[in-house]
Undergrad: 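Handing you a structure now.
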Number of protein chains: 2
Amino acid sequence: MFSKSCKYGIKATLYIAQKSQHDERVSLKEIAAAINSPIAFTAKILQILSKAMIINSTKGPNGGFEIDKTRLSKTSIHQIVQAIDGNHLFEDCVLGLNSCNANEPCPMHNEFVNIQKQLMESLATSNLLDVAMDLNLGLTVLKR
Amino acid sequence: MFSKSCKYGIKATLYIAQKSQHDERVSLKEIAAAINSPIAFTAKILQILSKAMIINSTKGPNGGFEIDKTRLSKTSIHQIVQAIDGNHLFEDCVLGLNSCNANEPCPMHNEFVNIQKQLMESLATSNLLDVAMDLNLGLTVLKR
DNA sequence: TTTATATCGGACAAAATTCTCTTAATATAA
DNA sequence: TTATATTAAGAGAATTTTGTCCGATATAAA
């Protein structure tokens with residue numbers, strides 16, 4: 001469903017969100033340890049998220065990554081997926097046809113427009129604050 | 001969502017289903033042309049489907065691929081996906097955790113168990129006969 | 001029985017994705 | 001101002017996925 005990059009990206013963002021709730025800035029190393037991901041590869045993904053303005057990065061001692069507290073409730077998982085994997089999952093033909101729409105649909109089009117729409121809405125209505133809450137309460141985990 | 005192999009596999013199977021409806025056996029070359037896929041690679045995927053008993057293959061002159069007419073209505077797209085991509089899409093943690101369940105869920109678990117279940121059911125309730133009908137009527141297409 | 005025509009199977013090649021290493025840039029603090 | 005800690009960026013290596021080639025095998029027909 002999501003690329004590995006995207007999974008790392010989501011987990012990293014959620015971890016940063018959790019810490020940002022308490023005004024804690026976190027380092028690359030800490031993030032990678034928290035989500036069990038390769039450090040240097042995670043760095044690349046954080047760069048993408050940083051350029052997409054989903055997270056903020058600061059260089060130098062005591063640097064690291066954080067998210068403006070005020071934006072936690074305004075950022076969705078959908079934005080993360082979009083930044084890393086693009087809109088393919090939601091918009092492209094599930095069978096890979098170049099053009100596939102109601103006029104000239106692939107055999108799975110009608111079934112899947114709904115699934116794609118629902119998937120998209122599910123991700124778009126989520127927000128980092130809610131998810132960070134659950135993490136704080138220990139209701140959910142980021143690695144295993 | 002699906003691997004490229006799986007997309008080819010679904011399209012190939014649907015094409016074979018359509019032709020099998022009229023008792024026509026189709027060659028690898030014809031299939032690849034009909035779904036716009038690389039010939040040799042398509043052959044590999046057809047081998048998988050053949051071993052999974054989803055399609056029948058016959059060697060030699062006038063050989064090719066077909067599906068028992070009586071099985072068209074009993075075969076689902078889900079079976080094809082399962083044979084090629086496995087059950088990962090339906091069963092694995094969407095964030096890639098090794099174990100993720102109601103007891104120790106990832107932050108997206110609760111949202112996604114439903115999506116995965118629905119996706120699975122949607123694919124499991126489909127059948128090749130219905131899909132082949134639509135193809136015959138020109139209501140849907142396999143390449144573009 | 002020979003020949004032509006298919007798929008099968010294994011080895012290999014190319015491309016995309018995932019991951020690493022090294023150096024640069026930048027900010028903090030002594 | 002210098003040393004140190006941190007992310008940024010680029011090159012490239014490893015792995016996985018996708019795709020090709022060719023000989024083996026099976027089958028039908030001449």
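The sequence lines fix the lettering, A, B, ..., with proteins before strands; numbering per chain opens at 1.
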Undergrad: Grab the CD1-C1' distance between B/I45 and D/dT20 for me, whole Å please.
TA: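 Atom CD1 in B/I45 sits about 13 Å away from atom C1' in D/dT20.
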Undergrad: Run the side chain to side chain contact (heavy atoms under 4.5 Å, CB included) check on A/F65 and A/K19 step by step: do they pass?
TA: CA-CA 10 Å; A/F65 300 88; A/K19 294 300 185 176; over 6 Å; no
Undergrad: What is the distance, rounded to the nearest whole Å, between atom CZ of B/R25 and atom C1' of D/dA26?
TA: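 About 13 Å, once rounded to whole Å.
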Undergrad: 5' to 3' on DNA chain C, which nucleotides open and close the contacts with chain A (atom under 4.0 Å from a heavy atom)?
TA: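 Counting from the 5' end, contacts occupy C/dT18 to C/dA29.
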Undergrad: Once you round it to whole Å, what is the distance between C1' of D/dC21 and CD1 of B/I39?
TA: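 Answer to the nearest Å: 12 Å.
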Undergrad: Need one value for A/A43: base, sugar-phosphate or nothing, where a base atom within 4.0 Å counts as base even if backbone is also close, heavy atoms only.
TA: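 No contact.
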Undergrad: So, taking the atom named CG in A/N114 and the one named NE2 in A/H109, what distance separates them when rounded to the nearest 0.5 Å?
TA: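 The CG atom of A/N114 sits 9.0 Å away from the NE2 atom of A/H109.
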Undergrad: With a 3.5 Å cut-off and no angle check, do the side chains of B/E111 and A/S122 form a donor-acceptor pair?
TA: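 A donor-acceptor contact under 3.5 Å links the two side chains.
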Undergrad: Would a 4.5 Å heavy-atom cut-off, applied to side chains only, mark B/L97 and A/K11 as touching?
TA: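 Side-chain contact under 4.5 Å: yes.
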Undergrad: Rounded to the nearest 0.5 Å, what separates atom NZ in A/K143 from atom CD1 in A/I35?
TA: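 It is 9.5 Å, given to the nearest 0.5 Å.
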Undergrad: In whole Å, I'd like the distance from the CZ atom of A/F41 to the C1' atom of D/dA9.
TA: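 The answer, rounded to whole Å, is 15 Å.
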Undergrad: Establish, with yes or no, whether the OP1 or OP2 oxygen of D/dT7 is under 4.0 angstrom from a side-chain nitrogen or oxygen of A/Q47.
TA: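 No, because none of the side-chain N or O atoms of A/Q47 sits under 4.0 Å from OP1 or OP2 of D/dT7.
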Undergrad: Just by distance, do the side chain of A/S20 and the backbone of A/D23 share a donor-acceptor pair under 3.5 Å?
TA: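 Side chain of A/S20 to backbone of A/D23, a donor-acceptor pair under 3.5 Å: no, none is there.
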Undergrad: Looking at every strand, decide which applies to A/K44 at a 4.0 Å heavy-atom threshold: base, sugar-phosphate, or nothing.
TA: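 Answer is base: heavy atoms of A/K44 come under 4.0 Å of a base.
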Undergrad: Give, ordered by number, those residues of residues 53-67 of chain B having at least one heavy-atom distance below 4.0 Å to an atom of DNA chain C; if nothing qualifies, reply none.
TA: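 Listed by number, they are B/S57, B/T58, B/K59, B/G60, B/P61, B/G64, B/F65.
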Undergrad: Describe the nucleic acid contact of B/K51 in one word from base, sugar-phosphate, nothing, applying a heavy-atom distance below 4.0 Å.
TA: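 If one applies the 4.0 Å heavy-atom cut-off, B/K51 turns out to touch the sugar-phosphate alone, with no base involved.
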Undergrad: Between A/E104 and B/R144, is there a side-chain N and carboxylate O pair less than 4.0 Å apart?
TA: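 Salt bridge flag = yes for B/R144 with A/E104.
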Undergrad: Tell me whether A/S126 contacts the main-chain N or O of A/I77 through its side chain, where contact means a donor paired with an acceptor under 3.5 Å.
TA: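 Such a contact is found between A/S126 side chain and A/I77 backbone.
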Undergrad: Check the distance between D/dT6's C1' and A/E30's CD and give it to me in whole angstrom.
TA: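 In whole Å, D/dT6 C1' lies 13 Å from A/E30 CD.
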Undergrad: Provide, to the nearest angstrom, the distance between the NZ atom belonging to A/K29 and the C1' atom belonging to D/dT7.
TA: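 Distance check: A/K29 NZ to D/dT7 C1' gives 13 Å.
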Undergrad: Rounded to whole angstroms, how far apart are CZ on B/F2 and C1' on D/dT18?
TA: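 Distance, rounded to whole Å: 18 Å.
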Undergrad: Side chain to side chain contact (heavy atoms under 4.5 Å, CB included) between A/N87 and A/D92: does it pass, once the steps are laid out?
TA: CA-CA 8 Å; A/N87 274 322; A/D92 287 4; over 6 Å; no
Undergrad: Can you tell me how far P of D/dG19 sits from CD1 of B/I48, to the nearest Å?
TA: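 It is 13 Å, rounded to the nearest whole Å.
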